[in-house]
4 protein chains.
Amino acid sequence: MSKPDKRSEILSAALDLIAEHGFHGAPMSMIAGRAKVAAGTIYCYFESKDTLIMELYREIEGRILAVIVEECEDERPLRERFVNLFTKLLGYFTEHSLEFRFVEQFHNSPYGAEHRRDKILGKPGDHDVFRQLFEQGVSQGIIKDLPLVILFSLAFGPLLAVVRDHVLGFIQLENGLIETIAASCWDAIKRQ
Amino acid sequence: MSKPDKRSEILSAALDLIAEHGFHGAPMSMIAGRAKVAAGTIYCYFESKDTLIMELYREIEGRILAVIVEECEDERPLRERFVNLFTKLLGYFTEHSLEFRFVEQFHNSPYGAEHRRDKILGKPGDHDVFRQLFEQGVSQGIIKDLPLVILFSLAFGPLLAVVRDHVLGFIQLENGLIETIAASCWDAIKRQ
Amino acid sequence: MSKPDKRSEILSAALDLIAEHGFHGAPMSMIAGRAKVAAGTIYCYFESKDTLIMELYREIEGRILAVIVEECEDERPLRERFVNLFTKLLGYFTEHSLEFRFVEQFHNSPYGAEHRRDKILGKPGDHDVFRQLFEQGVSQGIIKDLPLVILFSLAFGPLLAVVRDHVLGFIQLENGLIETIAASCWDAIKRQ
Amino acid sequence: MSKPDKRSEILSAALDLIAEHGFHGAPMSMIAGRAKVAAGTIYCYFESKDTLIMELYREIEGRILAVIVEECEDERPLRERFVNLFTKLLGYFTEHSLEFRFVEQFHNSPYGAEHRRDKILGKPGDHDVFRQLFEQGVSQGIIKDLPLVILFSLAFGPLLAVVRDHVLGFIQLENGLIETIAASCWDAIKRQ
DNA sequence: GATGAATGAGCGTTCATTCAT
DNA sequence: GATGAATGAACGCTCATTCAT
């Protein structure tokens, strides 16, 4: 390992423990222990447990958005772009299941209360990729003329459900299956 | 109301408080207060807070399944049956948003860890209605030949996502919209 | 001992320890220990450490005011009444030196910030005895025509100073001395 | 200012913060911050927080005694000398209210426990000015024949009380009033 | 000497749980 | 059964102090 600074160690420890045991199952002392620092040290880097969790969330959110944003090939057909994005995202979540579990817990907790509005796949500004895609599709008559929130639910409700099942070990997601799922979600939103 | 026994009062108080404030924000003493019983009384009915929560979950689960099961008109076309079921379920959740919020919290918490396996819409045995419907559809070549878990995710991932948005006040669900959503989920699972 | 309830035990323990070691030298755990209750028990009776201290203050303040108020023989000459009151008060403080030390600490701490205005000998309403005495004296031309606050300082500044010296063991106050001190304070305020 | 060395900066910062917020409210890190030195630097100059506070006390005590000592005109009448001293001292405290507040806190805290014996106006040796004045007065039959401690209390109890009221903003001390107070304290100790 | 990141004991407080009544 | 006062382990957090740089 190169030089994993303490801040990162703490964030990483918090991610592990919260993903595994939930917020109240991950006391600061335990996070400190896992990060191999003293309890007080955490407070050199984060003002409070809330702050730590919030910053961890923002960090993870950033990584996820990075995955989405790097996929912006506007010239290809909509369906292909959608499937691509879907696959990318699903891939990221399944490969980073700790992050997925953390984010899910975050959204379902008082910590994330204020973030529920703009949860990972619904934040205006950051997910212009999706919005553009959907709006283009709607205006071209390719995608059903439904409110954006509904289109999001139709497309990413299954995505999250499938990741949950994967994380819980119910299913093994290989490439073929992932593509079928992506295609099915497209079927849900595309004009028949 | 006639004579709502203490056990029910406790469960009801727990539902209210947990749905509203999360597990964190609903201490036993507060639940007791809301249920108008003494703190110790809860332990006459439930072994521990975990047990209380678990039994509350089971009770709510039962109510939800009852809604599903009563809808078993096997002779109608599959699509219609699916849309019917979907609508019923969505209606139940939106009308009982406390229960919905509780169940969501439960699934996203260590309390529900061991129950995640058999979450409300994926429990083998209880939801034969769905399984039968899906299996029939697959064998008749009407529904895509995918693992059951995937079909569930495709169908009910959006359902839960939409209820979440409704509960948070992002969307207003009226009958037309509900039907469109149900139809879209059918589009996702039906063979194209 | 009759039936010293827990609340009183806690207050008494707090008085002892705070008088002796100051506010930050008397942690809740130590107070609990001295009162022979569990740490959490204190919070059955007091909302917080602040509240405990405030209520203790109010209780002690009440006892002191009771001593003052019971001395209201308006028909005797002013000088005699003043000396009487002075003596009573001085006697109470020297006999209850823990209370004296607690009150002094209280007034010199953030806890007592809002009470500094109306510190034990300057609270309007409660000490009407003193005010009346002083105002009578002024209007009769017996006492110097000075602002009330100044008269208080002249009369009770020495009282508190003397009690401090007594508490610290610098002086032994017997009746003769006390009376001389009282007389001297009268000399300070009386018109020459 | 030329080159205020670090030690002075630290003492000054400690004075400000403790006078303002009490011992509680002035952590070492905050003192360091205000003094523009690193937290650890304080320990180059002071062994511990207690030591710092003790040395700060001694320094302030020195300044106060300097004020007293410079006033030694032995040939003038006793009353005049007393009033002069009283006024000087009162003036110093009101002009240096931070120091006054610090000293008051110090005396009312465990920090000052061992110093209470020799508090500012009662330390044998340092305040020979006062002792001489009082002893002369007693032997000349001008001042009451009372123990020195009592005379101190009679004279300076009001002084401190009045400064407290001034610091808290209850009274405005102008020259006329100050002189009246000084005279009244003289009345308290002088033989009638 | 000076630094400031790191420490960890100890604080005030909460709350699931118990048990004498 | 029902009570609710009492418990005490465990929490989040502070801050005087240390020590490698």
Item to check | Side chain of Cys44(A) - closest among dT7(E), dA16(E), dC11(E) | outcome: dT7(E)
Next on the checklist: Can you work out whether Met30(A) or Ile42(C) has the more 5'-proximal nearest nucleotide on DNA chain F?
Outcome noted: Ile42(C)
Checklist entry - What about His107(C) and Tyr57(C), are their ring centers closer than 6.0 Å? => result yes
Checklist outcome for this item: Separation of dT13(E) atom P from His24(A) atom NE2, nearest Å, is 23 Å
Checklist entry - According to the Watson-Crick and G-U wobble definitions, with both distances under 3.5 Å, which nucleotide is paired to dA16(E)? => result dT7(F)
Next on the checklist: Rounded to whole Å, please give me the gap between CD1 in Ile53(C) and P in dG12(E).
Outcome noted: 9 Å
Checklist outcome for this item: Taking for Ala38(C) and for Met28(D) the nucleotide of DNA chain F with the nearest heavy atom, the one nearer the 5' end belongs to Ala38(C)
Next on the checklist: If you compare every side-chain N and O of Tyr45(D) against the phosphate oxygens of dG1(E) (OP1, OP2), does one of them come in below 4.0 Å?
Outcome noted: no
Checklist entry - Taking CG from Leu52(B) and P from dT17(E), how many angstroms apart are they, rounded to a whole number? => result 10 Å
Item to check | Separation of atom CD1 in Ile10(B) from atom P in dG1(F), rounded to whole Å | outcome: 11 Å
Checklist entry - What's the CD-C1' distance between Glu47(A) and dT14(F), to the nearest Å? => result 13 Å
Checklist entry - Considering heavy-atom distances to DNA chain E, does Gly40(A) or Gly40(D) have its closest nucleotide positioned more toward the 5' end? => result Gly40(D)
Checklist entry - How long is the line joining CZ of Phe46(C) and P of dA6(F), in whole Å? => result 12 Å
Next on the checklist: I'd like to know if the side chain of Ser48(C) and the backbone of Thr51(C) have a donor-acceptor N/O pair within less than 3.5 Å.
Outcome noted: yes
Checklist entry - Hey, are the side chains of Glu59(C) and Glu55(C) touching, using non-hydrogen atoms and a 4.5 Å cut-off? => result no
Checklist entry - Could you give the CD1-to-C1' distance, from Ile18(B) to dA16(E), as a whole number of Å? => result 13 Å
Checklist entry - Does any non-hydrogen side-chain atom of Val37(C) lie less than 4.5 Å from one of Ile31(C)? => result no
Next on the checklist: Which nucleotide wins on minimum distance to the side chain of Pro27(D), given the candidates dC11(E), dA16(F), dT7(F)?
Outcome noted: dA16(F)
Item to check | dT21(F) - base-pair partner by Watson-Crick or wobble geometry, distances under 3.5 Å | outcome: dA2(E)
Item to check | N/O (side chain, Thr41(D)) to phosphate O (OP1/OP2, dT3(E)) under 4.0 Å | outcome: yes
Checklist entry - Does the side chain of Val103(D) come within less than 4.5 Å of Phe93(D)'s, by heavy atoms? => result no
Next on the checklist: OP1 or OP2 of dG1(F) versus the side-chain N and O atoms of Lys6(B): is any pair under 4.0 Å?
Outcome noted: no
Checklist entry - Mapping Tyr43(C) and Lys36(A) onto DNA chain E by nearest heavy atom, which one lands closer to the 5' end? => result Lys36(A)
Checklist entry - Among dA16(F), dG12(F), dG4(E), which is the nearest nucleotide to the side chain of Ala39(D)? => result dG4(E)
